[in-house]
Protein chains: 2
Amino acid sequence: MTAIAPPDDEQGHPGQTAGRTAGQPLLPLAGQTPPMRADAARNRTRLLEAAARLVAERGPEHLTMEAVAAAASVGKGTVFRRFGDRGGLLMALLDHSERLYQESFLTGPPPLGPGAPPVRRLEEFGLATLRHLAAHRALLLAAEPEACRRFEPPPRRLVLTHLAALLREAGAGDAELLAHTLASHLDVALLHHLTQRRGMPLERLEAGWLDLVARITRA
Amino acid sequence: MTAIAPPDDEQGHPGQTAGRTAGQPLLPLAGQTPPMRADAARNRTRLLEAAARLVAERGPEHLTMEAVAAAASVGKGTVFRRFGDRGGLLMALLDHSERLYQESFLTGPPPLGPGAPPVRRLEEFGLATLRHLAAHRALLLAAEPEACRRFEPPPRRLVLTHLAALLREAGAGDAELLAHTLASHLDVALLHHLTQRRGMPLERLEAGWLDLVARITRA
DNA sequence: GCGGTAAACGGACCGTGGTCCGCATACTTT
DNA sequence: AAAGTATGCGGACCACGGTCCGTTTACCGC
């Protein structure tokens, strides 16, 4: 990336470009950035459509940036300018469902959203997350960044702060650390490994989650 | 890799080449494979020396396979033939301390090795592992495979089976699942994130480990 | 020593992610 | 409407991991 390259955020048509403060789609921080140029917006949607098509055809793990560019009749540089990198493009593809998922526990109805007791919300949050991961497994897996950046993407951060908040509310010990413990149980790569390579049914992971929450919150 | 490429295992001089059954240096399985040719063994040590030098000079994250080949005055193909891939080379660099670490809890003296009660061994194991990770952070981080293979390398498998065995002995619930929970607390990437990016002292992670073991093993 | 053979070698080659920079063009201002 | 400017565009270019395959060479049996 050359300088202040803005790796995109969301919206399809009259869009804007993420202001690159600290994170991208943490949800409500769609703000005051200058509107995208018309050609840029057009290319953006063409790229997303092309990418979605290619993913559907060949699977996210075989998606190449050059193929997307070609399929959208656009230069390769344009893809990178818009989405930053491969992970950014994949994430953009997930943006819509990611939003729904985030809203469901941030502002949705209890017991998932605010209003229920914290332990109850923890239980529901894990179940909802496991289902979210399972539904988008391939894409999330393909978008997973390199090891040392695993905890940086805003969605992961949001999950961590959410868990930490609920744990604090429930009065557990080192909430930040325990949040990581819980979060690691809600990891796509782990889910993939356990269900695909080790043949565990999703139900076992769900039961494991409830058990884990119980063990961790009874201090 | 072309076919039954043997991604190397250990020993320096009259060596052998891993038989590729299921795992590499799970420790005692150095066996009955045909001995390495003299030139192969020589190149192996030259490569390891060159790699170690380059890592020391520029850090493991800047190590390129071509640079290693050149520094060892060897063809690039030879590097891949010997070590399989970049991760294999990095792992080979760690092989010695990995062995010491593994022996310490498999056959070493209690309370880390056999002989102490399981919960005690769990506590010690975590502390020893955290120190091991911290000592080799950069190298382990650079060797970390892609997300979807994160649980496949034999060292990780060994940790998981060890944890599961101790948990079973301690009578916890779903030992295999809980082993993953504990193992995720002993993850280089997590350690890196918490200590480097979030500024937590190692002591806090150690305390967190003891707390976690306590919470998980009191059924 | 002398072949025969399997193993090892080397480096050209390929695919892919990511960058660079000169050129084109959508919006703004007057 | 013309000029000015920042934004975006494109695709040549680079670095690196990994593969392929024709050539070389260590080892084994004689």
Side-chain angles (χ1 to χ4, degrees), chain A residues 1-8 13-19 33-47 51 54 58 60-90 142-146 149, chain B residues 1-8 13-19 33-47 51 54 58 60-90 142-146 149:
Chain A
M1 217 175 299
T2 190
I4 27 123
D8 174 66
H13 318 98
Q16 309 180 328
T17 294
T33 39
M36 245 198 262
R37 252 169 54 170
D39 52 348
R42 182 188 44 112
N43 282 337
R44 197 184 112 88
T45 65
R46 284 167 64 155
L47 283 168
L54 291 176
R58 307 210 270 262
E61 66 277 20
H62 297 124
L63 191 74
T64 80
M65 297 302 263
E66 226 161 329
V68 175
S73 310
V74 141
K76 193 178 169 182
T78 302
V79 190
F80 283 92
R81 153 173 299 264
R82 195 80 314 140
F83 298 101
D85 60 10
R86 207 183 108 101
L89 174 58
L90 263 348
E144 193 85 345
E146 262 209 67
R149 307 202 195 298
Chain B
M1 215 176 298
T2 189
I4 26 120
D8 176 66
H13 318 96
Q16 309 181 330
T17 294
T33 40
M36 244 198 267
R37 253 168 56 166
D39 53 348
R42 182 187 43 114
N43 281 337
R44 199 187 111 90
T45 66
R46 286 166 63 151
L47 283 168
L54 291 176
R58 308 209 268 262
E61 66 277 20
H62 296 123
L63 191 74
T64 80
M65 297 303 262
E66 231 165 321
V68 176
S73 310
V74 140
K76 195 178 170 184
T78 302
V79 191
F80 283 93
R81 152 174 299 265
R82 195 82 313 143
F83 298 102
D85 60 9
R86 208 183 108 102
L89 173 57
L90 265 348
E144 193 85 343
E146 263 210 67
R149 307 202 195 300

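Numbered from 1 within each chain, the chains take letters A, B, ... in sequence-line order.
Contact annotation: R37(A) side-chain N/O to dT7(D) OP1/OP2 distance is not under 4.0 Å. Dashed line: the shortest gap from a side-chain N or O of R82(A) to OP1 or OP2 of dG8(D) is under 4.0 Å. Applying the 4.0 Å criterion to OP1 and OP2 of dG8(D), one finds that T78(A) has every side-chain N and O outside that range. Between N43(A) and the phosphate of dG8(D), there is no side-chain N or O to OP1/OP2 separation shorter than 4.0 Å.
Across dG18(C), dG17(D), dG17(C), the shortest atom-to-atom separation from the side chain of T64(B) is found for dG17(D).
Judged purely by atom type and a 3.5 angstrom limit, R82(B) has no side-chain atom pairing as donor or acceptor with the backbone of R44(B). Looking only at distances, no side-chain donor or acceptor of R81(B) sits under 3.5 Å from a matching main-chain atom of K76(B).
Across all strands shown, L63(A) has heavy atoms under 4.0 Å from sugar-phosphate atoms exclusively, and none from any base.
Heavy-atom distances under 4.0 Å link DNA chain C to V74(B), G75(B), K76(B), G77(B) of residues 65-77 of chain B, given in residue order.
Rounded to whole angstrom, the span from the CD atom of E61(A) across to the C1' atom of dG15(C) amounts to 16 Å. Across the protein-nucleic acid pair, R46(B) atom CZ and dA8(C) atom P stand 16 Å apart, rounded to whole Å. Put simply, CZ on R81(A) is 13 Å from C1' on dT25(C), counting in whole angstrom units. Following rounding to the nearest Å, F83(B) (CZ) and dC16(D) (P) show an atom-to-atom distance of 20 Å. Taking atom CZ of R44(A) as the reference point, atom P of dC9(D) lies 12 Å away to the nearest angstrom. Atom P of nucleotide dC13(C) and atom CZ of F80(B) are separated by 17 Å, given to the nearest angstrom. With rounding to whole Å, R86(A) atom CZ is found 20 Å from dC16(D) atom P. Look at CG on L54(A): it is 12 Å from P on dT16(C), rounded to the nearest Å.
For E61(A), the CD atom sits in a packed shell: over 12 heavy atoms of surrounding residues, nucleotides or ligands are nearer than 6.0 Å.
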### Query
Could you go step by step and tell me if F83(A) and L47(A) meet the side-chain contact (heavy atoms from CB on, under 4.5 Å) rule?
CA-CA 10 Å; F83(A) 298 101; L47(A) 283 168; 4.0 Å; yes
### Task
Take R86(B) and L63(B), measure what side-chain contact (heavy atoms from CB on, under 4.5 Å) needs, and give me the verdict at the end.
CA-CA 9 Å; R86(B) 208 183 108 102; L63(B) 191 74; 4.1 Å; yes
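Residue-to-nucleotide proximity on DNA chain D shows that, of D39(B) and G87(B), the 5′-proximal contact is made by G87(B).
Between atom CZ of residue R42(A) and atom CZ of residue R37(A) there is a gap of 10.5 Å, rounded to the nearest 0.5 Å.
In this structure, L90(A) and A142(A) approach most closely via the heavy-atom pair CD2-O, 3.9 Å.
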